[in-house]
Amino acid sequence: MSGRLLDHGLVVVVGAGGVGKTTLAAALALEAARAGSRTLVMTFDPSLRLKDTLGVGEEAKDHEVEVPAGTPGRLFASLLDARTTFDRLVRRYAPDERAATRILSNRLYAHLSGTLAGVLEYMAVERLFEVAAEGRYDCVVLDTPPTRQALDFLEAPARIIGFLESGALRIALKPWFDEDGHLRPTRRLGPLGRGVERFFDRVVGLSLLRDMADFFLAFGPLYEGFRQRAAEVDALLRAPQTVFVLVTRPEEERIPETLFFARRLVDAGHRLGPVVVNMRHPEAAHPPGAGARDGVALLAWLGARDARGVARYRERLPSHTLVDLPLLPQEPSDLASLDGLRALVAERLTQDRSHVS
């Protein structure tokens, strides 16, 4: 890009919901491909709107799909599907087919792999590791979920490592059930033990406990790999070749959240690049007169409000490049309109080539 942003191997686009983050990620990827880079744009946004913008289908959940962008560099898109990624991960890293089948057929796995809080972020970490390890792309543009979920994604490697090194996991991995499906600790208590088993069966159900025990034991051979890959992704997100683009909007009420996220990124050791203030209303050339129509007066008010918001961002973030983008008449919905946004973003970023080093 005109500027050094897309010279980085990994560009992570973060921000709150409704700020145009997904579309901006697609525009950045299109610019990288236009500059000749072999580029992958990935989305971990549960809405999966990137597929509409780039015109790719559901097959992008299974593998990277090339986008017919007509650029010197090739552009690919990938959509994260937590269950698909989890299944592929199990089959790849299980010691044998029997172990993989044991995990995939576990009832608890079938439920948790697509619904457990945090699974999306964990699978995002794994998918990012796979892409980085393959090394097939000059530039990867990563679109993330909205702010707080994006923080979950950034913190996922540390949480994975913490869980895998915790005493809770060591307890869970103990052989609680014998070959006949009875709780081992209660077998030694005779009749009293059978009463304890009946109590557990009434309260939580022994079948659920067996599924949980089998779930943790089945994953045993994979834990060390999980820990190692999480550590590598954590290092990747802090590496010199990784830069974060923080996207927000000009409304003043968004400023505290944006500043909070920027501070969290920097404090965590991540490289914060440009802050993009998106969807700015144009300022009126002249204040509307007393007889102006309501719509004209509203647009003038919105323009003045957004100008104040951008000014406050500049005051609060003096050491970071601030790029403000206008509110477009229509959100880009295809490659042609996306190319218009790409050109606008390239022009604005060119105005200050020092935003990342």
Side-chain angles (χ1 to χ4, degrees), residues 1-3 5 13-31 43 45 47-50 52-55 143-148 150 244-262 272-318 320-352 355:
M1 178 171 264
S2 39
L5 175 63
V13 183
V14 293
V19 298
K21 175 175 53 60
T22 298
T23 307
L24 181 64
L28 290 173
L30 185 59
E31 174 64 13
T43 183
D45 184 341
S47 69
L48 300 180
R49 287 191 304 107
L50 192 63
D52 299 323
T53 307
L54 294 175
D143 172 40
T144 58
T147 300
R148 301 210 176 276
F244 287 78
V245 176
L246 177 55
V247 188
T248 185
R249 286 175 56 163
E251 295 91 340
E252 291 183 85
E253 60 269 21
R254 290 183 179 266
I255 294 176
E257 179 185 47
T258 303
L259 295 178
F260 167 77
F261 198 11
L272 178 60
V275 176
V276 178
V277 183
N278 200 15
M279 303 182 186
R280 175 179 177 174
H281 288 83
E283 292 185 77
H286 303 284
R293 292 176 298 173
D294 290 344
V296 174
L298 175 60
L299 288 175
W301 180 85
L302 289 171
R305 180 206 62 181
D306 288 358
R308 289 195 304 271
V310 172
R312 286 195 62 191
Y313 275 118
R314 294 192 186 280
E315 292 172 3
R316 300 295 185 89
L317 295 167
H320 295 283
T321 292
L322 195 76
V323 177
D324 66 288
L325 297 175
L327 177 68
L328 301 177
Q330 287 185 317
E331 181 179 356
S333 57
D334 54 28
L335 283 173
S337 55
L338 184 66
D339 190 61
L341 175 61
R342 174 209 59 78
L344 178 61
V345 173
E347 177 188 351
R348 296 296 173 91
L349 284 174
T350 302
Q351 294 173 1
D352 187 342
H355 50 268

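In this chain, residues are counted from 1 in sequence order. Hydrogens, waters and symmetry mates are skipped; everything else that's a heavy atom, side chains included, is used.
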* Structure fact -> The single option from T43, D143, T53 that satisfies side chain to side chain donor-acceptor pair (under 3.5 Å) with T22 is D143
* Could you walk me through whether T258 and V277 pass the side-chain contact (heavy atoms from CB on, under 4.5 Å) test, one step at a time? => CA-CA 10 Å; T258 303; V277 183; over 6 Å; no
Heavy-atom pair with the smallest gap, counting every atom of [X] and [Y]:
X: G303; Y: E283; answer: O-CG, 3.6 Å
X: E257; Y: A16; answer: OE1-CB, 3.5 Å
X: I255; Y: G309; answer: CD1-O, 4.0 Å
X: G20; Y: M279; answer: N-CE, 3.6 Å

I'd like to know if the side chain of [X] reaches the main chain of [Y], judged simply by a donor and an acceptor atom lying under 3.5 Å from each other, with no hydrogens or angles considered.
X: R348; Y: D324; answer: yes
X: T144; Y: V13; answer: yes
X: Y313; Y: L259; answer: no
X: N278; Y: V19; answer: yes

Atom [atom1] of [X] and atom [atom2] of [Y]: how far apart are they, to the nearest 0.5 Å?
X: L344; Y: E31; atom1: CG; atom2: CD; answer: 11.5 Å
X: L28; Y: L349; atom1: CG; atom2: CG; answer: 7.0 Å
X: L335; Y: R342; atom1: CG; atom2: CZ; answer: 11.5 Å
X: D306; Y: L327; atom1: CG; atom2: CG; answer: 8.5 Å
X: E315; Y: L322; atom1: CD; atom2: CG; answer: 11.5 Å
X: K21; Y: T248; atom1: NZ; atom2: OG1; answer: 12.0 Å

* Given E252, E253, E251, the one that forms salt bridge (charged side-chain N to carboxylate O under 4.0 Å, His left out) with R249 -> E251
* Asked: Do L272 and H320 have side-chain heavy atoms sitting under 4.5 Å apart?
  -> yes
* Kindly determine whether Q330 and S337 satisfy side chain to side chain donor-acceptor pair (under 3.5 Å), including the steps that lead there. => CA-CA 9 Å; Q330 287 185 317; S337 55; over 6 Å; no
* Asked: With a cut-off of 6.0 Å (strictly less than), are more than 12 heavy atoms of other residues, nucleotides or ligands near CZ of R254?
  -> yes
